[in-house]
Every structure is written in C-alpha cells, then in structure tokens.
Amino acid sequence: MSELSSIFDPKRRQRFRRQLLSWYNTHQRDLPWRGVNDPYAVWISEIMLQQTVVAAVIPYFEKFMTRFPDLQTLANAEESEVLQYWEGLGYYSRARNIHKSAKIIVQEYQGKFPTSLKSLQKLPGIGRYTAGAICSFAYDQSAPIVEANTLRLYSRLIGLEEDPRSKSGQNQLWDFAELILPRKSPGIFNQALMDLGSLVCTPQNPACNQCPVSSACEAFLKDRQHKIPIPKVRPEITPLTDVSIAVFEGHKVMIRQRMSGERWAGLWDFPRFTLENMNGLAHPALKKRKSNGQKMLFAEHNNERSGKDDFPTGLSVDVVPRLEEYLREHAGVKASLHQFVAEIRHNVTRYKIRLLCFVAIVESADASQVSSSRLQSEEQALYRWVTVSELEAYPLSVTGRKFAKLLAQEIPSFD
DNA sequence: AAGGCGGGGGC
DNA sequence: GCCCCAGCCTT
C-alpha cells in the first residue's frame, strides 16, 4: 500500500471526509427515514432494511409507522397484527423480534429507548450494525457501521483481497469504520458512506469515474474494483415439490399457525408438506411435467382418463390416497382430495419450489373430530376453521396469500 | 465457520 | 436468468 496517499494517513483521512460530505450534500438520497432522529423510527427502518432493498421497504415503513407510530402502540399490539404489517417483507423473525423488543423496552426500560450500543445489542434482532446505526443516526453518537454498502466501499478503499465476511475481514472492516469516523456529525457521515456505497460504489460496474474519493481508493488505484470484494459463495439450489391443501368443511377452511422453529413461524398456512419428505413417495409420484398446464377438476380429469393419468403438474394420481392419509395423520382431518387449483412456483433460501395447491372436502360433518391421540408431532399446532374472507385478517406467507386469493376469486362457491 | 431465514429489486 | 440486498441468530 502506498504510504503517503494511504487512506490510513491522518491527512488523507481528513481529505476523504471533506470529499465525501461535499458529494453527499448534492447526491444524498431522499428517504422517508432520513433526517429523522426518533430512535423508534430509526429502529423500525433499520430492522426492515436488514437484507432488504430500500425500494421494497419504503411502502412497508410508511404503513407500519401509520399503524404503530410509537413504542407504546407497538408494545400493546398483538403479534399477529404486527406480522400482518410485515406480510410479504420476509424474514418474519424480524417482526416477532421488534414486537418482543417493544415489550421489553416498555417493561424493563420504563418505555425509554436504550441509548447505548451495549444495551441496544441486548434486544433481540439488534446486532452490531443496527445498534451502531441507531446510535449514530438517532443520537449522533460516534458508532461505526458495517453493512452491505459500507462493506463493499471499505473493502475497496482498503484493497481488501481476503473474504470480507470472514472473522479477519470483519475485524479489518470494523477497525476501518471506526478509524474513518469523524468526531463531528458521525450520523450524517455514516449515512453519506452508505449512500456512496449504494449509488456509486455498486456491486457491478462501480462508477469510479464519478466517485469523489477514487483517488483514495486502493482497489481503484490497482484496478481491482471489479474483483473486490470477493463474491459470496452461492449455495446449491435444490428443487422441491410441495403440496398445500385447503381442506373445506362447508364454507370453512382449515388453517394452522406455523410454529417456532418452522419456516414462516407465527404466520398461518394451509396444511402443507414436501413430497420429498414423504417416504419414497416423491420419486414414483413425480413424472415428467406435461405441456398442458391448465388446471382442471380432479373429478373430470378422473372420468376422462379413467383415473390412471397424471395431474397437469406431472403429479401422479396414485399419490392421492397418500395425501389423504397424510392429511389425516398430520392435520387430524379425514378429507378427500377434490380439486387441483394451481401450481405456484417460488424460491425460498436455497430451494426452488413447485407448490401444488389442492382443495379437499371433509368427508362427514363430524369427521374433523379426530382424536388428538392420533396426531403426530406437528399437531401441537394451533388449528382454526375460518371462511375464505376471514383469511384477510390472518398473516400468511406470500404463497399462502396467493392460494387464498385463488380460493376467493376463482372458487367463490367455497366462501 | 456455516447454515437458516423470504421475498423481490434491478439488470 | 442471476446477483444481491442498511443482518442476526443458532449450531
């Protein structure tokens, strides 16, 4: 690293700060949580922004702050309603954690928002970055930050060739974040760093020609900006086929609340399972997908094809008894598969999922009263029977919501 | 150190 | 399609 012009040199550091703030004066983003020093509002925005792009957060932030304008309102709300306002944003533990934290602050901090890095990090969902963001943005404390934008920016500034996510890389980045931070207005300075990272020092094709601090950038000086930071290793994607079944008894449909430890914990869903997890079922059941993706009634299908052919999805009809058995064992309900509704494709973490949605009908009026002794593990879950229109008041995953909308719009006879 | 956790923006 | 996103928590 060149000595005299190094970003670590105190004089060069001063110049860097001036250049950055000058750029920020004319280029800063206009965001709903900018210029806000209410720690509550800063907190909510920061939690929503975790692993989530700004454009996706804005409408959620506006609606959330209208419904839960302050700590008390949030603490007094039901978790389920908080989750409703989070529906579609993903990473739902964030919503459960802010609700938990709001209650903790009210009960253990007398409703006064914590003001130190240390106390903030004790709250669930607040780590080193978020604590630093709240302290610097809301309280103008001189707390360093490292997140996606600044990780990339700092890595390039110091020419970090090793993995910035490793322990060693993290140490260097946090040290640099602290070193670069000025005494004066650290909050604005941190936001300026993030905007530079977001608008100029982008992941692909960084705009080094428009960068106010390129002369201080080790990566730029070595023409390494396209190689730094080294990209995350992408996990292998596993294809899966899930089945989701809306079980109707009259005009009511069965839903269950997903349990902690499960994906979408706290949200509600129709009984849903992964074919690959059902003993030896997936392989023979899944055949090559047919070209005709039209949905059709199972009954009609059965009649036309003598009950021996696949669903339009490539799912063998042979699987139907197993699905019904599964429903009986895991959801405690005796129902018969009635109709194929739709195939929904979606990706979640490292899975690429085809979700096959069916309607089933409870066989007799008292058939849903299956003794709980028959139920296996998952059946400690909370189940409810609701009308399709009542589903609007329950937080669902995005796929659950899509299925619910199909039930409401395309099968009005079930409501 | 590694894996889980969601959904979509933007190209 | 693909890469990535104002991270945190558990194992």
Side-chain angles (χ1 to χ4, degrees), chain A residues 29 31-34 42-61 83 86-98 100-101 120-138 143-154 163-170 173-174 177 187 190-199 201-206 226 229-238 258 260-267 269 344-353 355 395-402:
Chain A
R29 290 178 289 181
L31 301 169
W33 46 86
R34 273 288 156 81
V42 172
W43 173 50
I44 299 300
S45 68
E46 288 305 330
I47 300 295
M48 286 188 170
L49 286 160
Q50 289 171 1
Q51 291 297 286
T52 310
V53 291
V54 167
V57 167
I58 290 174
Y60 282 86
F61 178 76
L83 283 168
W86 213 269
E87 187 182 300
L89 202 52
Y91 287 139
Y92 298 95
S93 66
R94 296 183 294 176
R96 299 194 304 273
N97 282 337
I98 58 168
K100 238 182 267 173
S101 292
L120 283 167
Q121 286 186 79
K122 291 194 171 107
L123 296 169
I126 299 186
R128 190 171 178 184
Y129 162 72
T130 303
I134 293 170
C135 283
S136 65
F137 301 166
I145 56 164
V146 179
E147 40 65 79
N149 296 302
T150 43
L151 176 146
R152 197 170 53 245
L153 175 65
Y154 303 159
D163 186 352
R165 301 155 200 89
S166 69
K167 185 69 185 159
S168 160
Q170 283 288 301
L173 293 176
W174 281 100
N190 276 341
Q191 301 189 51
L193 288 167
M194 290 168 67
D195 275 13
L196 185 65
S198 170
L199 299 173
C201 198
T202 51
Q204 318 293 332
N205 303 317
H226 295 285
I230 64 176
K232 262 185 226 175
V233 288
R234 246 174 60 92
E236 188 184 342
I237 303 301
T238 307
R258 300 188 69 103
S260 63
E262 275 188 299
R263 183 153 33 226
W264 300 299
L267 303 192
D269 201 358
I344 297 172
R345 293 159 185 271
H346 71 112
N347 304 320
V348 53
T349 61
R350 44 179 285 260
Y351 302 101
K352 177 191 181 74
I353 303 177
L355 176 63
L396 308 179
S397 68
V398 165
T399 51
R401 184 61 66 198
K402 282 179 183 165

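Chain naming here is simple, since letters A, B, ... match the order of the sequence lines and numbering starts at 1 in each.
If you take atom P in C:dA6 and the same atom in B:dG10, they sit 11 Å apart, rounded to whole Å.
In this structure, A:Q191 CD and A:R34 CZ are separated by 4.5 Å, a value rounded to the nearest 0.5 Å. Separation of atoms CG (A:N149) and CG (A:L196) is listed at 9.5 Å; rounding is to 0.5 Å.
Distance CD1 (A:I134) to P (C:dG7): 13 Å, rounded to an integer number of Å.
Between A:Y351 and B:dC5 there is no side-chain N or O to OP1 or OP2 distance below 4.0 Å. Listed pair A:R234 / C:dC3 meets the phosphate criterion, a side-chain N or O lying under 4.0 Å from OP1 or OP2. Put simply, A:R152 has a side-chain N or O that comes within less than 4.0 Å of OP1 or OP2 on C:dC5. Checking the phosphate oxygens (OP1, OP2) of B:dG4, a side-chain nitrogen or oxygen of A:R350 falls inside 4.0 Å.
When all heavy atoms of A:P164 and A:Q170 are compared, the closest pair comes out as O-NE2, 2.9 Å.
Map A:P203 and A:N97 each onto its nearest nucleotide of DNA chain C; the residue landing nearer the 5' end is A:P203.
Base-pair partner of B:dG6: not found among the strands shown (Watson-Crick or G-U wobble, both distances under 3.5 Å).
Under the 30°/60° scheme for interplanar angles, the aromatic rings of A:F61 and A:W33 are found to stand perpendicular.
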